[in-house]
Each structure stands twice: as C-alpha cells, then as structure tokens.
Amino acid sequence: RLAAIGRMAASIAHEIRNPLAAMRGSIQMLRADIGNDSSQIELMEIILRESDRLNRIISDFLSYARPRSIIQTKVDPGELLQQTFMLLRHSAEINPGHLIEEQVPSKPVLINADAEQLQQVFWNLSRNALQAMPAGGNLRATVDENSDDRLRITFSDTGRGMAPEQVEHLFEPFSSTTGGTGLGLSIVYQIIRDHGGTINVRSRQGHGTTI
C-alpha cells in the first residue's frame, strides 16, 4: 500500500508540472504586454517566483521518489568536489561574506561511483551549509583516505548549527532546517546509502555543523 501511495504521489507531482509550466508561460506573456504599471508587475513577479519555488519542490520530490539507477564508473571525488565548488563560486548562493575552500589529495583517488549523483550530494550539502550562514561564514570540504581503504568526505560550516532534535530528523523527507524543500538532505542520504556509504552529523547550536 505504501509503495502504491508513493507511485501515485510521484505521478501527481509529475502531472502538476504541465499546468504549472503553462501558467508560468502565460504570466510571462501578460507581463510583457503590461507596460509600466509597477503594482501589477510586482504581483506578476510574485507569481513567477512562487511558480519557480513550486517547480523546485516538485523536482526535489521526484528525485527522492523516483531515484534513477546508479551508473558506476571510475571517478575521482576530489575532482568532482573541485568542479562543484567552481560552479558554486559563480552561483547566486554565494554572498560576499562567504568563504569556501576545498582540500583534496594531491593525486587522483579513483573509486567506483556515479559521478552525477556524487556531484548532487556535494551540491546539496554545500547549499545547505551556505543557507545556514545567511550573514556569511566559512565552508570547508575535504576528501581523505582512511586506514580502512575507504574515503571520508567532510563538509564543515560555521553556521548557526542545530539542536539535537533537529539532527535526529535531519535526513527525513520534508524536514528542513534552512527553509528549503526539506528533500535535499533526504536525497543525499539515499545516494550515500546506495553507494554503500554511511553519513554522520556533528552539530551544536551557534557552533556550526560537520557532515
């Protein structure tokens, strides 16, 4: 029954996208014809902005409810992290008070993984960290080999941190600590689990978070 409900919810979410796209397109056309009526333009901007927010929620939900199969190849997580941070430095997520830095091994470390899904993990964790530092702060990510022939990938921020009860529910669907859709970290958990990894969180209110 739960599986059937999940499939139905995913189908409904997918169907919502079509009228949402039509509504957004119609509002854009009306906006172009309106002229300089600032009050109406402002209302239309609100509709466009909220349409984009709905679309993000639907996209995140579909990624969670219908995860694609892992396509494993030989990848270097250090290189993927550097690529992600390069994109992040040129994104709207960054403000002048943010400092982001990465530390990766000097030589490539190749593992069997899905490159696209790992980059999604890095992007989701980075965005979550930046949203936890609205006034600015430091985000540091490292890739290390440990003695058990495994990789430890760490994201640390100097943000507002979380209470123990927030940490306990952090990876549950629709449990947001930063005002987002609440699915980004659920997707992270799912991807890491599917790769045979584990994920741990250390956080204290006012003292940042390490994942």
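Side chains included, hydrogens not; waters and symmetry mates left out as well; all remaining heavy atoms used.
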Return the [atom1] to [atom2] distance between [X] and [Y], rounded to the nearest 0.5 Å.
{"X": "Leu99", "Y": "Met133", "atom1": "CG", "atom2": "CE", "answer": "9.0 Å"}
{"X": "Leu54", "Y": "Met23", "atom1": "CG", "atom2": "CE", "answer": "8.0 Å"}
{"X": "Thr84", "Y": "Arg127", "atom1": "OG1", "atom2": "CZ", "answer": "13.0 Å"}
{"X": "Arg202", "Y": "Ile211", "atom1": "CZ", "atom2": "CD1", "answer": "10.5 Å"}
{"X": "Asp194", "Y": "Gln72", "atom1": "CG", "atom2": "CD", "answer": "10.0 Å"}
{"X": "Thr198", "Y": "Tyr189", "atom1": "OG1", "atom2": "OH", "answer": "9.5 Å"}

According to the ring-ring contact (aromatic ring centres under 6.0 Å, His included) rule, which pairs have a member within [range], sequence neighbours left out?
{"range": "residues 87-116", "answer": "none"}
{"range": "residues 134-155", "answer": "Phe122-Phe155"}
{"range": "residues 191-211", "answer": "none"}

Check whether any side-chain heavy atom of [X] lies under 4.5 Å from a side-chain heavy atom of [Y], and answer yes or no.
{"X": "Ile16", "Y": "Ile58", "result": "yes"}
{"X": "Ile100", "Y": "Leu130", "result": "yes"}
{"X": "Val201", "Y": "Met162", "result": "yes"}
{"X": "Asn138", "Y": "Asp157", "result": "no"}
{"X": "Val104", "Y": "Thr142", "result": "no"}
{"X": "Leu125", "Y": "Leu185", "result": "yes"}
{"X": "Asn128", "Y": "Ser126", "result": "no"}
{"X": "Pro105", "Y": "Val143", "result": "yes"}

Under a 4.5 Å side-chain heavy-atom rule over Ile, Leu, Val, Met, Phe, Trp and Tyr, are Ile41 and Ile47 clustered together?
yes

I'd like to know if Leu48 and Leu30 are part of one continuous hydrophobic network [Ile/Leu/Val/Met/Phe/Trp/Tyr, side-chain heavy atoms within less than 4.5 Å].
yes

CZ/Arg150: more than 12 non-hydrogen atoms of other groups inside 6.0 Å:
no

Can you name the salt bridge (Lys or Arg N to Asp or Glu O under 4.0 Å) partners of [X], sequence neighbours left out?
{"X": "Glu168", "value": "none"}
{"X": "Arg31", "value": "Glu45"}
{"X": "Glu165", "value": "none"}
{"X": "Arg89", "value": "Glu102"}

For [X] against [Y], the heavy-atom pair lying closest together:
{"X": "Ser51", "Y": "Leu20", "answer": "O-CD2, 3.8 Å"}
{"X": "Gly208", "Y": "Ser203", "answer": "O-OG, 3.3 Å"}
{"X": "Pro134", "Y": "Asn95", "answer": "O-ND2, 3.2 Å"}

Evaluate the side-chain contact (heavy atoms from CB on, under 4.5 Å) criterion for residues Glu93 and Gln131: first the C-alpha distance (whole Å), next the side-chain angles of each, then the deciding distance (0.1 Å), finally the verdict.
CA-CA 8 Å; Glu93 307 290 336; Gln131 289 166 6; 4.0 Å; yes

Please list, chain by chain and in numerical order, all residues satisfying side chain to side chain contact (heavy atoms under 4.5 Å, CB included) with Ile111, sequence neighbours excluded.
Val75, Pro77, Ala113, Leu118, Leu151

Who passes side chain to side chain contact (heavy atoms under 4.5 Å, CB included) against Leu87, sequence neighbours left out?
Trp123

Are any side-chain N or O atoms of [X] and backbone N or O atoms of [Y], one a donor and one an acceptor, separated by less than 3.5 Å?
{"X": "Gln166", "Y": "Ala163", "value": "yes"}
{"X": "Asp114", "Y": "Ile71", "value": "yes"}
{"X": "Ser156", "Y": "Arg140", "value": "no"}

Contact list for residues 18-30, test salt bridge (charged side-chain N to carboxylate O under 4.0 Å, His left out), sequence neighbours left out
Arg24-Asp52

Sequence neighbours excluded, every pair satisfying salt bridge (charged side-chain N to carboxylate O under 4.0 Å, His left out) that has a member inside residues 71-88
none

Any chance the side chains of Gln205 and Arg160 put a donor and an acceptor closer than 3.5 Å?
no

Can you list the residues that meet the ring-ring contact (aromatic ring centres under 6.0 Å, His included) rule with Phe85, with sequence neighbours excluded?
none

